[in-house]
2 protein chains.
Amino acid sequence: MGESVTSRALALLGAFDGEHRSLSLTDLARRAGIPLATAHRLVGELHRWGALAREPNGGYVIGRRIWQLGLLAPVQSGLRQAASPFLHDLYGTTLATVHLAVRDGVEVLYVERLAGHVSVPVVSRVGSRLPMHATGVGKVLLAYAPEEVRLEVLKNLTRITAYTVTQPARLIDQLRRVRAEGYATTGEEMSLGACSVAVPVRNGDTVVAALGMVVPDLRRQLPRLVSALQVAAHGISRTLAASPSVQWK
Amino acid sequence: MGESVTSRALALLGAFDGEHRSLSLTDLARRAGIPLATAHRLVGELHRWGALAREPNGGYVIGRRIWQLGLLAPVQSGLRQAASPFLHDLYGTTLATVHLAVRDGVEVLYVERLAGHVSVPVVSRVGSRLPMHATGVGKVLLAYAPEEVRLEVLKNLTRITAYTVTQPARLIDQLRRVRAEGYATTGEEMSLGACSVAVPVRNGDTVVAALGMVVPDLRRQLPRLVSALQVAAHGISRTLAASPSVQWK
DNA sequence: TAATCCTCTTCCACTGAGTGGAAGGAGTCC
DNA sequence: GGACTCCTTCCACTCAGTGGAAGAGGATTA
């Protein structure tokens, strides 16, 4: 005992992730760290309300009530909806993987991802988080983040590939150039074979998101990609500015 | 007393809807029917976990953890993702409002909606429900619904406009023709000035969704719209069939 | 076919998590 | 300056919640 009922119910919901979209009762209890009988009761309540749904084979999945609430989250109803047409245009003209991301603490949270046809290893998934220092969108968000966030990230530059920037001074210099030139790039720093370029998305003066693309090679097409990204980013910013009723961060 | 802690926490989450995306603590307590002190404690827990977020002005909004869980719901990760490219293609070629909907009990649940430029009154919103008998997607879903669902809907044919079909025999005949011809239409039955056409989306033999469009007038362009909808619906079906790992309903 | 294992459901003696009215602080408005 | 509203905190009181155990049913294995 000692844990609240609410925290246990939330732990049950939190047992689901990208790799575990359907869970048996026993797995739910185990992953949430809750005795089976207790889990059974709480899962029953979540199911009756619609937070969970039960499949014919007995497994539980996230229910439609959570899906509907998720649509109300500012990140969904504001940024993602505003950005969607521009992301599809961008994807349509380049056929590369397109990302829209926001900062979440000291990580990048992927808000939207349109998968490209080009054979490039892409590890992002909508709703997932990746490190800021090794991704294009992450470098953009880091460049405009509060100083305390930047300091926290700079303390923990883990190597992901042989090309990952792990020296603080070098990353600081890159971030300064992001602010000066208006875009960030990476070269196989997150995945071998994948390069990226990203630009900021502003709401007024505030950088609220980053828009990026992943391609196998940047060398010949960088100016064209930067231009296309900036056009899309401006479009998103105009749309955000035109919808003052929806607040989001 | 008498209500469970879990049901109260869920009631707080359920206080949010399309018209109430940001709520003060007092409003949350009121809408959830919970004393202020109790609401304060439970909202604090939801906030700490990330189910709710607090805005600078003190209002609460749905938090990112709910948004992320919502992405895991089968309706999101299966149908909606599979359908997205086809919906954008359809929208791109017609510029009309495009809907993707599923049956939820005896109502239509709108899973995706791409808003058109044509000035047609459209009342649907993603995540919302509308009656089955007065919408194109609803008639499709009703035509292929279990008998007991059909009987339940037929008992309650409320009039929405002067053109709404409220006689059971007439609707039964229309549903038979939906199954025979492969598409449903409406003519100002839900909103004056709005006509719609919809087709079934199948997964194997099962009709799992309906794909529809809303236009001001159907008379000259019905065959072309039906054809475009069916092409898109087949594409969605093929994509669903190719992703067996994701289960959804 | 039988034995074993696992999941899920139900029960109930026990207990501490949860309750909510009241009071007070802070901010806004007139 | 007073009135009003929202939010936060307190704490005496109580019943909602707990979880080990037992059993049913289905799946797996020998």
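All of these numbers come straight from a predicted model, not from anything done at the bench. In what follows, every chain begins at residue 1, and chains take the letters A, B, ... in the order their sequences are listed.
Here dT19(C) presents its C1' atom at 14 Å from CG of Leu12(B), a figure rounded to the nearest Å. Look at CG on Leu25(B): it is 12 Å from P on dT9(D), rounded to the nearest Å. At whole-Å resolution of the value, CG in Leu52(A) and P in dC8(C) are 13 Å apart. Between Glu3(B) atom CD and dT19(C) atom C1' the separation is 12 Å, expressed in whole Å. Atom CG of Leu23(B) is separated from atom P of dT5(D) by 19 Å (rounded to the nearest Å).
No side-chain donor-acceptor contact under 3.5 Å links Arg8(B) to the backbone of Val5(B). Of the possible donor and acceptor atoms, none in the side chain of Ser191(A) sits under 3.5 Å from a partner among the backbone N and O of Ala194(A).
Here dC8(C) is the nucleotide among dC7(D), dG17(D), dC8(C) with the atom lying nearest to any side-chain atom of Ser24(A). Distance from the side chain of Arg54(B) is smallest for dC7(D) among the nucleotides dC7(D), dT18(D), dA16(D).
The end-to-end axis angle of the helix from dT1(C)-dA30(D) to dC30(C)-dG1(D), rounded to 10 degrees and based on five pairs per end, is 60°.
Residues Ser22(B) and Glu55(B) have side chains that bring a donor and an acceptor to within less than 3.5 angstrom of each other. Counting only N and O atoms by type, the side chains of Ser84(B) and Glu112(B) include no donor and acceptor under 3.5 Å apart.
Pro146(A) is not listed as a side-chain neighbour of Glu152(A), based on a closest heavy-atom distance of 4.5 Å or more. Contact of the Arg150(B) side chain with the Leu175(B) side chain is registered, since non-hydrogen atoms from C-beta on lie closer than 4.5 Å.
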Check: Along nucleotides 24-30 of chain C, 5' to 3', which nucleotides get a B, which get an S, and which get a -, given that the test is a protein heavy-atom distance under 4.0 Å?
Finding: -------
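With sequence neighbours excluded, no residue forms a ring pair (Phe, Tyr, Trp, His ring centres under 6.0 Å) with His40(B). Listed by chain and residue number, nothing satisfies the ring pair (Phe, Tyr, Trp, His ring centres under 6.0 Å) test with Phe16(B) (two or more places apart in sequence, or in another chain).
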Next item on the list: Give the intermediate values and the outcome of side-chain contact (heavy atoms from CB on, under 4.5 Å) for residues Arg113(A) and Val98(A).
Entry: CA-CA 6 Å; Arg113(A) 167 177 177 266; Val98(A) 178; over 6 Å; no
Hey, can you pull the donor-acceptor pairs under 3.5 Å for the side chains in residues 131-144 of chain A, sequence neighbours left out?
residue: His133(A); atom: NE2; partner: Thr158(A); partner atom: O; Å: 2.8
residue: Thr135(A); atom: OG1; partner: Pro131(A); partner atom: O; Å: 3.2
residue: Thr135(A); atom: OG1; partner: Gly138(A); partner atom: N; Å: 3.0
residue: Lys139(A); atom: NZ; partner: Gln174(A); partner atom: OE1; Å: 2.8
residue: Lys139(A); atom: NZ; partner: Thr185(A); partner atom: O; Å: 3.0
residue: Lys139(A); atom: NZ; partner: Glu189(A); partner atom: OE1; Å: 2.8
residue: Lys139(A); atom: NZ; partner: Glu189(A); partner atom: OE2; Å: 3.3
residue: Tyr144(A); atom: OH; partner: Arg202(A); partner atom: NH2; Å: 3.3

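Within residues 26-45 of chain A, the residues having any heavy atom closer than 4.0 Å to DNA chain D are, in order of number, Pro35(A), Ala37(A), Thr38(A), Arg41(A).
No option in Val43(A), Leu36(A), Leu13(A) other than Val43(A) meets the side-chain contact (heavy atoms from CB on, under 4.5 Å) test with Leu28(A).
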